[in-house]
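A short write-up of the structure that comes next.
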Amino acid sequence: MPGHRIFFCALPLVLLSLAGCELGPESPRGFALPEGDAEAGKQTFVELRCHDCHSAEGVPQRDPEATDIHLPLGGKSTRVTTYAALVTSIINPSHRYSSRLPRSVSTEDGESRMPVYNDLMTVTELIDLVAFLQPQYEVIVISPNSYETYYP
Ligand code: HEC
């Protein structure tokens, strides 16, 4: 029966589009770190002295008088809107923001004043940091890309 054939052809497409719906901010296509330990991440946050410049849930800024950078992490951020953006802002602080931020948070040549930790922190520490910070952000749900044919 032709009806059956249409059904079986359409089934994989339906399954694919359902899978597409799962691609919310927590699982950008093809990228996710393993689940981390938020409590360990909180410790790492303190050990690596992230709280020199930031505060986070349960961790006040260490000495706000000692610096002109006071950036509470979490909440609704215009930059950290997805899980991937959060990871990127830790491993590549200068990737897109600093030139648009006030001079106080970037250097003369437009680099972020946030240190690069990539040679200092282990991957496990990164995973745990993200597990600690991610629930503190209100990520904006973005709809997955649409690759339909475009007719001008
Ligand atoms: C010397 C100050 C300083 C330290 C220490 C620091 N940061 Fe930052 N961080 C910044 C600045 C400045 C920004 C602003 C954006 C930029 O320049 O990239 C920032 C941005 C961020 C953001 C994005 C914030 C948002 O909501 O848009 C995250 C997440 C972050 N830092 C995490 C960390 C973590 C984790 C550590 C410790 C491993 C750390 N930072 C240590 C200065 C610092």
Side-chain angles (χ1 to χ4, degrees), residues 13-152:
L13 286 176
V14 170
L15 289 178
L16 267 177
S17 58
L18 282 179
C21 298
E22 306 270 86
L23 293 173
E26 298 205 352
S27 57
R29 200 181 293 257
F31 180 76
L33 296 174
E35 210 168 299
D37 177 339
E39 203 43 51
K42 190 174 175 179
Q43 275 173 32
T44 300
F45 192 82
V46 171
E47 279 162 21
L48 293 180
R49 301 271 293 262
C50 307
H51 66 331
D52 274 2
C53 302
H54 302 292
S55 55
E57 206 168 271
V59 188
Q61 188 163 0
R62 200 173 61 90
D63 181 5
E65 304 287 302
T67 174
D68 59 332
I69 303 177
H70 312 101
L71 263 174
L73 299 183
K76 250 201 182 96
S77 158
T78 49
R79 283 162 276 154
V80 175
T81 52
T82 63
Y83 175 88
L86 173 61
V87 178
T88 308
S89 64
I90 299 173
I91 58 181
N92 187 6
S94 292
H95 84 289
R96 72 186 171 115
Y97 329 124
S98 7
S99 58
R100 271 180 284 149
L101 282 174
R103 188 43 70 76
S104 59
V105 296
S106 63
T107 61
E108 296 272 303
D109 46 3
E111 294 289 298
S112 175
R113 281 171 64 196
M114 176 162 155
V116 175
Y117 290 91
N118 300 0
D119 292 330
L120 299 173
M121 84 170 108
T122 66
V123 176
T124 303
E125 284 172 332
L126 171 69
I127 292 167
D128 293 343
L129 269 176
V130 171
F132 168 57
L133 292 174
Q134 202 260 319
Q136 300 175 41
Y137 277 97
E138 285 173 50
V139 285
I140 297 163
V141 179
I142 42 159
S143 44
N145 287 340
S146 158
Y147 294 107
E148 283 155 33
T149 317
Y150 170 69
Y151 300 101

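Positions are given from 1 along the sequence.
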Over 12 non-hydrogen atoms of neighbours within 6.0 angstrom of CD in Glu57: no
Is there a donor-acceptor pair closer than 3.5 Å between any side-chain N or O of His70 and the backbone N or O of Cys53? no
Qualifying ring-ring contact (aromatic ring centres under 6.0 Å, His included) pairs with a residue from residues 35-63, counting only residues at least two apart or across chains: Phe45-Phe132
Rounded to the nearest 0.5 Å, what separates atom [atom1] in [X] from atom [atom2] in [Y]?
X      : Y     : atom1 : atom2 : answer
Gln61  : Asp52 : CD    : CG    : 8.0 Å
Leu133 : Cys50 : CG    : SG    : 7.5 Å
Arg62  : Ser55 : CZ    : OG    : 14.0 Å
Gln136 : Leu86 : CD    : CG    : 9.5 Å

Indicate the atoms forming the closest heavy-atom contact of [X] with [Y], along with that distance.
X      : Y      : result
Val116 : Leu120 : O-CD1, 4.4 Å
Ile90  : Asn118 : O-OD1, 4.4 Å
Leu129 : Met121 : CD1-SD, 3.8 Å

Could you walk me through whether Gln134 and Val87 pass side chain to side chain contact (heavy atoms under 4.5 Å, CB included), step by step? CA-CA 9 Å; Gln134 202 260 319; Val87 178; over 6 Å; no
As a quick check of understanding, evaluate side chain to side chain contact (heavy atoms under 4.5 Å, CB included) for Leu73 and Tyr137, giving each step before the final call. CA-CA 8 Å; Leu73 299 183; Tyr137 277 97; 3.6 Å; yes
Contacts of Asp37 that satisfy side chain to side chain donor-acceptor pair (under 3.5 Å) - sequence neighbours left out: none
Residues Val80, Ser89; criterion side chain to side chain contact (heavy atoms under 4.5 Å, CB included); working and verdict: CA-CA 8 Å; Val80 175; Ser89 64; 4.0 Å; yes
